[in-house]
Every structure is written in structure tokens, then in C-alpha cells.
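Below is one structure; the comments refer to it alone.
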Amino acid sequence: MAVYGLEVYNASGTIILRATDRLNRYVTQNNFNIAAGQTQTFAVSGMVPDGTWVVTCSSGSVSATVNYGYYSVYSPYAVNNVYSLVLRV
């Protein structure tokens, strides 16, 4: 049975990275400011809450939720210059 994925070797021929399951795919990113108690939404074509989408934010006080066609971010505090990254896993 064939195995598909990515293997990276060092100069000695030793595997230093093996990703034979799933690879992440960069989709988009956004930079934004958010006021205390505010929710913002960002459109992402094809996004669905099926467990294969990941949204990370640079501020720990900002939470993200994946929805159909968009993701929303919420913060109980005012935060400036937040960076969000969207990956498909």
C-alpha cells in the first residue's frame, strides 16, 4: 500500500519531518483591531464547521468560531493589531 505525504531528511539521511497524514494549507489572514465586547466576521469562501478548518489569533483574549462561509472573532477586551491565520487541515 502506498503512503502519501511529506518526508524531509537532513544531510545524514535521517528523517527530520514526516507528515504522512494530512498537511495544513494556508488559506488567508487578517489584521484587525477589536473593541471590548465586539464580534467581527471575515468571509472565507468554502469554509464550513466540519473540523477541518483552524483559525488562530495572535491575542489570547480573542476567540474565533468557524461558521458556514465565514469565521467570527470575539474579545471581551479592546485589542489592537490582532493577527488571525486561517488554515485548512
Side-chain angles (χ1 to χ4, degrees):
M1 182 169 144
V3 176
Y4 298 95
L6 172 72
E7 292 182 339
V8 178
Y9 298 81
N10 67 14
S12 302
T14 303
I15 294 176
I16 58 174
L17 172 67
R18 177 179 281 152
T20 56
D21 187 18
R22 297 182 90 159
L23 297 177
N24 296 332
R25 180 175 62 94
Y26 165 84
V27 178
T28 190
Q29 66 188 34
N30 290 290
N31 290 353
F32 57 93
N33 299 326
I34 190 165
Q38 182 182 16
T39 299
Q40 291 188 20
T41 61
F42 300 94
V44 179
S45 179
M47 180 176 259
V48 295
D50 63 358
T52 65
W53 293 85
V54 175
V55 179
T56 62
C57 294
S58 61
S59 172
S61 67
V62 177
S63 60
T65 304
V66 173
N67 298 287
Y68 290 93
Y70 71 97
Y71 70 96
S72 59
V73 293
Y74 169 81
S75 178
Y77 310 105
V79 184
N80 291 324
N81 199 26
V82 177
Y83 174 80
S84 65
L85 176 66
V86 178
L87 300 174
R88 182 81 188 263
V89 296

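For reference, positions follow the sequence shown, starting with 1. What you see is a predicted model, and the numbers here were worked out from it, not measured in a lab.
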Would you give me the side-chain donor-acceptor pairs under 3.5 Å for residues 54-63, sequence neighbours excluded?
residue	atom	partner	partner atom	Å
Ser58	OG	Tyr83	N	2.9
Ser59	OG	Ser61	N	3.4
Ser59	OG	Ser61	OG	3.1

If you look only at distance, which donor and acceptor atoms sit under 3.5 Å apart when one is on a side chain in residues 33-49 and the other is two or more places apart or in another chain?
residue	atom	partner	partner atom	Å
Asn33	OD1	Asn81	N	2.6
Gln38	OE1	Ala35	N	2.8
Gln40	NE2	Asn33	O	2.6

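Not counting sequence neighbours, Tyr77 has no partner by the side chain to side chain donor-acceptor pair (under 3.5 Å) test. Applying the side chain to side chain donor-acceptor pair (under 3.5 Å) rule to Asn80 yields no partners; only residues at least two apart in sequence or on another chain are considered.
Val79 and Val82 get closest at one heavy-atom pair: CG1-CG2, 3.3 Å. Across all their heavy atoms, Tyr71 and Val66 have their closest contact at CB-CA, 4.3 Å.
Note on Leu87 and Phe32: separate hydrophobic clusters, where clusters join Ile, Leu, Val, Met, Phe, Trp and Tyr whose side-chain heavy atoms are under 4.5 Å apart, directly or indirectly.
With side-chain heavy atoms closer than 4.5 Å counting as contact, directly or through intermediates, the hydrophobic cluster containing Ile15 also holds Tyr9. Through side-chain heavy atoms spaced under 4.5 Å, either directly or across other Ile, Leu, Val, Met, Phe, Trp or Tyr residues, Tyr70 is tied to no other residue.
In terms of modelled atom types and a separation under 3.5 Å, the side chain of Asn30 and the main chain of Thr28 share no donor-acceptor contact.
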